[in-house]
Amino acid sequence: MPELPEVETFKQYFESTSLNKQIKNIKIKDTRILSIEENIFINTLRGKKFNSVTRHGKYLFVECNSFFLVMHFGMTGDLEYYRRGEEEPKYSKVLFEFTNNHILSYISTRMFGKLDITDDYKKYINKNRLGPDALTMSYEEFLMSLKRRTTNVKTALMNQRIICGIGNIYSDEILFRTQINPLTKINILQEYQLKELFTNIKEILKYGIRKKGNLATYSSKLIIPHRIEEENCPICHTPIKRYEILGRHGFFCPTCQKEN
DNA sequence: AGCGATGTTCGCCG
DNA sequence: TCGGCGAACATCGC
């Protein structure tokens with residue numbers, strides 16, 4: 001279930017379970033999840049320890065003896081740390097077995113995740129032309145990233161090359177909070193709207209992290225719990241509208257989020 | 001039993 | 001070369 005808040009939660013989980021333990025063995029249950037040749041992947045990591053985790057957008061970079069394990073979770077990724085002998089999690093794709101008899105499972109139900117190795121995560125970010133991390137970017141970086149873009153706000157927020165970390169669900173919430181219609185062209189936003197958008201990106205993502213990405217616990221004053229057709233806006237009670245964009249479904253309140 | 005899904009990438013077009 | 005757009009990808013649960 002990973003957008004930025006979920007991936008940040010995975011980072012914390014990884015840090016609290018899997019750092020500084022020797023990797024005894026690695027089992028690849030499905031090589032399609034690897035962006036790199038299987039033997040290289042295994043030989044790079046076996047016998048080493050994970051030292052630290054950096055997050056950029058929806059990506060995790062796990063430092064391991066001057067190399068980095070790159071983790072992306074797609075739409076249905078997860079991590080689970082468990083004791084040897086306990087049941088292997090369903091849809092495990094890669095198992096990192098530590099010498100302490102515990103195993104970290106990288107789970108990907110729908111195979112949309114990716115594991116890779118890079119020797120420099122900043123180079124990896126540049127090569128893939130990822131935008132600034134949505135949680136830590138400055139207002140200047142945010143503006144710079146939007147420069148010369150003409151697409152609509154919803155698409156811009158979800159484009160990882162513009163801003164890294166926001167997906168379909170959180171972009172709905174950010175636009176709802178900012179009271180911007182999702183189809184508004186990004187280049188016609190007023191300065192005050194850009195400022196509010198920037199502030200709300202941070203606030204919504206921080207809220208998500210505080211809630212550990214557990215959508216079921218989100219306040220009913222947000223639009224997230226109402227992303228269902230025929231639900232009413234929690235502010236003005238107008239029926240929420242569903243629309244299609246980029247082959248995905250977005251939701252907005254036609255009253256609170258008027259076109260500019 | 002068909003559809004939809006918290007994501008990314010590729011190919012086409014201007 | 002770049003940006004925008006739509007289709008494709010894999011697979012499971014509702």
Side-chain angles (χ1 to χ4, degrees), chain A residues 1-11 13 28-36 55-60 70-79 89-94 106-116 118 124-131 133-135 144-176 182-188 201 204-205 207-209 211-218 222-230 242-252:
Chain A
M1 15 150 112
E3 290 186 40
L4 191 150
E6 290 79 7
V7 177
E8 177 66 24
T9 305
F10 292 157
K11 171 182 189 265
Y13 183 77
I28 314 289
K29 320 254 330 170
D30 193 326
T31 54
R32 288 176 300 170
I33 216 73
L34 300 181
S35 301
I36 187 171
R55 185 193 52 70
H56 187 93
K58 305 171 193 169
Y59 293 80
L60 292 185
V70 184
M71 301 187 124
H72 193 282
F73 297 92
M75 289 213 273
T76 55
D78 205 354
L79 294 175
K90 237 181 162 187
Y91 311 114
S92 291
K93 293 296 182 286
V94 176
Y106 169 86
I107 299 161
S108 186
T109 315
R110 309 255 199 292
M111 292 296 299
F112 274 23
K114 275 287 167 213
L115 293 184
D116 202 352
T118 182
Y124 185 93
I125 289 168
N126 289 334
K127 200 176 117 207
N128 289 286
R129 292 194 282 163
L130 299 176
D133 176 64
L135 190 66
M144 192 69 81
S145 229
L146 296 181
K147 234 180 188 171
R148 273 175 261 106
R149 294 288 182 157
T150 57
T151 189
N152 61 70
V153 215
K154 171 77 170 171
T155 303
L157 287 180
M158 289 200 293
N159 184 340
Q160 304 303 299
R161 291 186 168 175
I162 300 179
I163 298 167
C164 207
I166 300 168
N168 195 21
I169 292 207
Y170 287 92
S171 58
D172 274 1
E173 194 62 60
I174 290 161
L175 293 173
F176 178 67
L183 297 179
T184 312
K185 298 288 181 191
I186 192 88
N187 51 305
I188 69 156
I201 288 172
I204 298 287
L205 293 176
Y207 176 87
I209 292 168
K211 292 282 191 176
K212 301 207 175 296
N214 185 356
L215 298 178
T217 67
Y218 284 23
L222 305 184
I223 199 173
I224 287 178
H226 306 287
R227 293 179 80 260
I228 302 161
E229 208 154 27
E230 309 203 347
R242 179 184 187 216
Y243 66 105
E244 192 168 314
I245 192 166
L246 278 175
R248 329 286 310 278
H249 291 295
F251 296 83
F252 74 106

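Quick note: numbers below take in every heavy atom, side chains included, and nothing from hydrogens, waters or symmetry partners. In what follows, chains carry the letters A, B, and so on, assigned in the order in which the sequence lines appear, proteins first and then strands, with residues in each chain numbered from 1.
A close approach under 4.0 Å does not occur between any side-chain nitrogen or oxygen of A:H72 and OP1 or OP2 of B:dG7. At least one side-chain nitrogen or oxygen of A:H249 sits closer than 4.0 Å to the OP1 or OP2 atom of B:dA5. Between A:Q160 and the phosphate of B:dG7, there is no side-chain N or O to OP1/OP2 separation shorter than 4.0 Å.
Using a 4.0 Å cutoff on non-hydrogen atoms, no part of residues 147-159 of chain A comes near DNA chain B. Near DNA chain C, defined here as any heavy-atom distance below 4.0 Å, there are no residues from residues 162-173 of chain A.
Note: CZ (A:R248) to P (B:dC3) measures 18 Å, nearest angstrom. Taking atom OH on A:Y124 and atom P on B:dT8, their separation rounds to 10 Å, with Å as the unit. For A:I107 and B:dT6, the CD1 to C1' distance is 16 Å, given to the nearest whole Å. A straight line from CE of A:M75 to C1' of B:dT8 spans 9 Å, rounded to a whole angstrom. Here B:dT6 presents its P atom at 15 Å from CG of A:L175, a figure rounded to the nearest Å. Regarding A:M71, its CE atom lies at a distance of 16 Å from the P atom of B:dT8, rounded to whole Å.
The shortest side-chain heavy-atom distance between A:K58 and A:E6 does not fall under the 4.5 Å cut-off. Side chains of A:L115 and A:V94 form a contact here, defined as non-hydrogen atoms less than 4.5 Å apart.
Listed by chain and residue number, A:V153, A:I180, A:N181, A:I188, A:L189, A:N260 satisfy the side-chain contact (heavy atoms from CB on, under 4.5 Å) test with A:T184 (two or more places apart in sequence, or in another chain). A:K185 is linked by a salt bridge (Lys or Arg N to Asp or Glu O under 4.0 Å) to nothing, counting only residues two or more places apart in sequence or in another chain. Looking at residues two or more places apart in sequence or on another chain, you find a side-chain contact (heavy atoms from CB on, under 4.5 Å) between A:R248 and A:M75, A:N168, A:L246. Taking the side-chain contact (heavy atoms from CB on, under 4.5 Å) definition, one finds that A:T31 meets it with A:I28, A:E38, sequence neighbours left out. Remark: A:T9 engages A:K212 in a side-chain contact (heavy atoms from CB on, under 4.5 Å) (not counting sequence neighbours). Applying the salt bridge (Lys or Arg N to Asp or Glu O under 4.0 Å) criterion to A:D133, with sequence neighbours excluded, gives A:R55.
Among all heavy-atom pairs drawn from A:F251 and A:I223, the shortest one is O-CD1, 3.9 Å.
At least one donor-acceptor pair closer than 3.5 Å links the side chain of A:K93 to the backbone N or O of A:S108.
One finds the OH atom of A:Y170 at 5.5 Å from the CD1 atom of A:I224 (value rounded to the nearest 0.5 Å). Taking OG1 of A:T118 as the reference point, atom CD1 of A:I36 lies at 8.5 Å (rounded to 0.5 Å). Atom CD1 in A:I166 sits 4.5 Å away from atom CD1 in A:I201 (nearest 0.5 Å). Separating the CG atom in A:L146 from the OG1 atom in A:T151 is a distance of 11.0 Å, to the nearest 0.5 Å.
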Subject >> Per-nucleotide protein contact string for nucleotides 9-14 of chain B, where B marks a base within reach and S marks sugar-phosphate only (heavy atoms under 4.0 Å, - for neither) >> reply: ------
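Stems are defined here as 3 or more consecutive Watson-Crick or G-U wobble pairs with pairing distances under 3.5 Å; those involving DNA chain C are B:2-5 with C:11-14, B:7-14 with C:2-9.
In this structure, A:K58 reaches the sugar-phosphate backbone alone: every heavy-atom distance under 4.0 Å involves primed, P, OP1 or OP2 atoms, never a base.
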Original post:
Please walk me through it: do A:K154 and A:L183 pass side chain to side chain contact (heavy atoms under 4.5 Å, CB included)?
Top reply: CA-CA 6 Å; A:K154 171 77 170 171; A:L183 297 179; 5.7 Å; no
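A 4.0 Å heavy-atom criterion places the boundary nucleotides of DNA chain C facing chain A at C:dG3 to C:dG13, written 5' to 3'.
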Can you give me every donor-acceptor pair (side chain of residues 124-131 of chain A, partner residue at least two apart or in another chain, under 3.5 Å) with its distance?
unit_1	atom_1	unit_2	atom_2	d
A:N126	ND2	A:K122	O	3.3
A:N128	ND2	A:Y124	O	2.9

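Taking the P atom of each, C:dA7 and B:dC3 are spaced 16 Å apart, rounded to whole Å. Rounded to whole Å, the separation between the P atoms of C:dC12 and B:dT9 comes to 22 Å.
Aromatic ring centres of A:Y207 and A:Y218: separated by under 6.0 Å.
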